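Bear in mind the structure is a predicted one, so any value in this text is a computation, not a measurement. Just so you know, ligand 1 is whichever comes first in the structure, and atom 1 is the first atom listed for that ligand.
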Amino acid sequence: MESEESSKKKFASIDDIPGLGQSTANRLRELGFNTVESLAMATVRELVQAGIGERKAFEIINAARSSTSLSFIRVDELVEKRQNVMRLTTGSKKLDALLGGGIETQSITEFYGEYGSGKSQIAHQLCVNVQLSTEKGGLNGGALYVDTENTFRTERITPMARHVGLDPDEAFKHIILAEAYTSDHQIFLLENADKIVKENNIRLIIVDSLTAHFRSEYIGRESLAERQQKLNQHMHKLIRLARAFNAVAFVTNQVMASPDVFFEEPVRPVGGHIVAHTSHTRIFLRKAKRGPVRIARLVSSPYLPEGECLFMITENGIEDVGEEHSVE
Ligand code: GTP
Ligand code: MG
């Protein structure tokens, strides 16, 4: 009876988990487990690394899981969980439609394309849009922007916020910027993000760019396996955060020349199979011959058909293409 009672308990903080002493709680925090949600998704191995006995680790994780109801799931409940998936507008109705109504929470959406194709502009726009009410296509939440290339500009947020009727100074308060200096630092930032995500009601996690550091640091064949293993670990952390907090995970990726002549496009995304299989939805962006128009192609999705659409980057942000812009 007692175990049934405790299995239904909801723990607000990791300190509330029975049998978890202060020093263990502190060690867990050092490892980035600041919330019950993150503990529920931890592996026994991760906790053993914190010097916690295997059995104890198992109990802690189970207690956290029962608290957050994340373990076994009946399919009718899965349907319900899917119904919790929400969608974030990109600012373009056409692009939203291509994505099945916007960018969905609880999974990873990747935009890849060459320089200037609009990946970071969309990232900025999402930081603004996530703050809107759900009626307006937002998620009533904040954004976490992991910036690996010193890309983030408040100057871009200002007109975008004004355009959707938000006070820029208010909008700034709901965007948390995390600058990542190396790939290890980038991994570290996400590993330790759960508390910030929870406390700031973050509903959008951006990694711009997902692959740039990895690509410049791991050069040559011999380091490829390690790079892929780290990318894999990084992306899984991102998925776990997105699921635990019903957040959108948005990553950007560069392209490289495709040596394979049979490949449909002359370029392909960086990151190989790991990134391809871990991103649930992938969009390929390219520039129209000139001007503000961009072409977005949905190249992979768990349930949506492939397709293409146009959108535009203007001073105001991401918008649908007006009549006056022909595409060449
Ligand atoms: P990399 O990070 O270099 O791979 O490129 P990216 O895909 O992130 O490109 P980004 O999103 O930074 O797009 C840059 C492009 O957006 C510029 O070349 C402009 O065409 C457009 N852009 C950026 N800011 C403005 C602006 O204030 N007004 C207008 N009209 N266009 C803008
Ligand atoms: Mg960029």
Side-chain angles (χ1 to χ4, degrees), residues 88-92 95 98-99 103 108-130 143-164 166 168 171-172 175 177-181 183 186 204-217 248-258 265-271 275 279 281-299 308-328:
L88 173 59
T89 181
T90 60
S92 153
L95 185 52
L98 186 69
L99 288 157
I103 300 182
I108 297 182
T109 299
E110 172 195 353
F111 274 56
Y112 69 87
E114 63 169 341
Y115 70 94
S117 58
K119 306 177 293 288
S120 299
Q121 294 302 309
I122 292 184
H124 280 69
Q125 184 74 61
L126 295 175
C127 285
V128 169
N129 292 357
V130 70
L144 172 64
Y145 198 122
V146 178
D147 187 358
T148 72
E149 298 177 301
N150 190 20
T151 292
F152 184 82
R153 293 288 175 277
T154 52
E155 293 86 341
R156 288 302 288 137
I157 297 296
T158 300
M160 289 176 178
R162 284 216 182 95
H163 188 66
V164 298
L166 296 177
F172 294 156
I175 304 170
L177 185 64
E179 283 187 271
Y181 303 116
S183 66
Q186 182 179 334
L204 165 67
I205 303 165
I206 289 168
V207 185
D208 182 18
S209 135
L210 174 71
T211 49
H213 280 318
F214 289 93
R215 194 183 181 190
S216 67
E217 290 167 28
V248 165
F250 177 88
V251 303
T252 68
N253 192 6
Q254 275 78 24
V255 289
M256 55 199 260
S258 174
E265 302 286 346
V267 292
R268 61 173 173 179
V270 175
V275 176
S279 294
T281 306
R282 305 190 99 182
I283 294 261
F284 174 40
L285 289 186
R286 52 193 210 281
K287 297 186 246 187
K289 275 214 178 92
R290 65 183 112 83
V293 176
R294 299 292 186 273
I295 304 149
R297 179 211 285 250
L298 181 72
V299 286
E308 268 191 8
C309 80
L310 304 178
F311 68 92
M312 214 166 51
I313 308 172
T314 72
E315 163 74 10
N316 290 332
I318 304 304
E319 297 188 89
D320 279 312
V321 178
E323 296 287 310
E324 69 277 19
H325 292 280
S326 63
V327 184
E328 291 168 51

All heavy atoms of L177 vs all of D147, minimum pair found to be CD1-CB, 3.9 Å
Can a donor-acceptor pair be found between the side chains of E319 and T314 at a distance below 3.5 Å? yes
Tell me whether the NZ or CZ atom of K287 lies within the 45° cone about the ring axis of Y115 and under 6.0 Å from its centre. yes
Would you please name every residue forming a side chain to side chain donor-acceptor pair (under 3.5 Å) with T151, sequence neighbours left out? none
Lining ligand 1 at under 4.0 Å, by non-hydrogen atom distance, are residues E114, Y115, G116, S117, G118, K119, S120, Q121, R156, Q254, R294, I313, T314, E315
Between R286 and E308, is there a side-chain N and carboxylate O pair less than 4.0 Å apart? yes
Partners meeting salt bridge (charged side-chain N to carboxylate O under 4.0 Å, His left out) with R156 (sequence neighbours left out): none
How close do I206 and C127 get, counting heavy atoms only, and between which atoms? CD1-SG, 3.6 Å
When the ring centroid of H124 is compared with that of Y145, is the distance short of 6.0 Å? yes
Minimum-distance pair of heavy atoms, taken over all atoms of N253 and K119: O-CD, 3.5 Å
Under 2.8 Å from the Mg ion (ligand 2), protein N/O/S atoms total 1
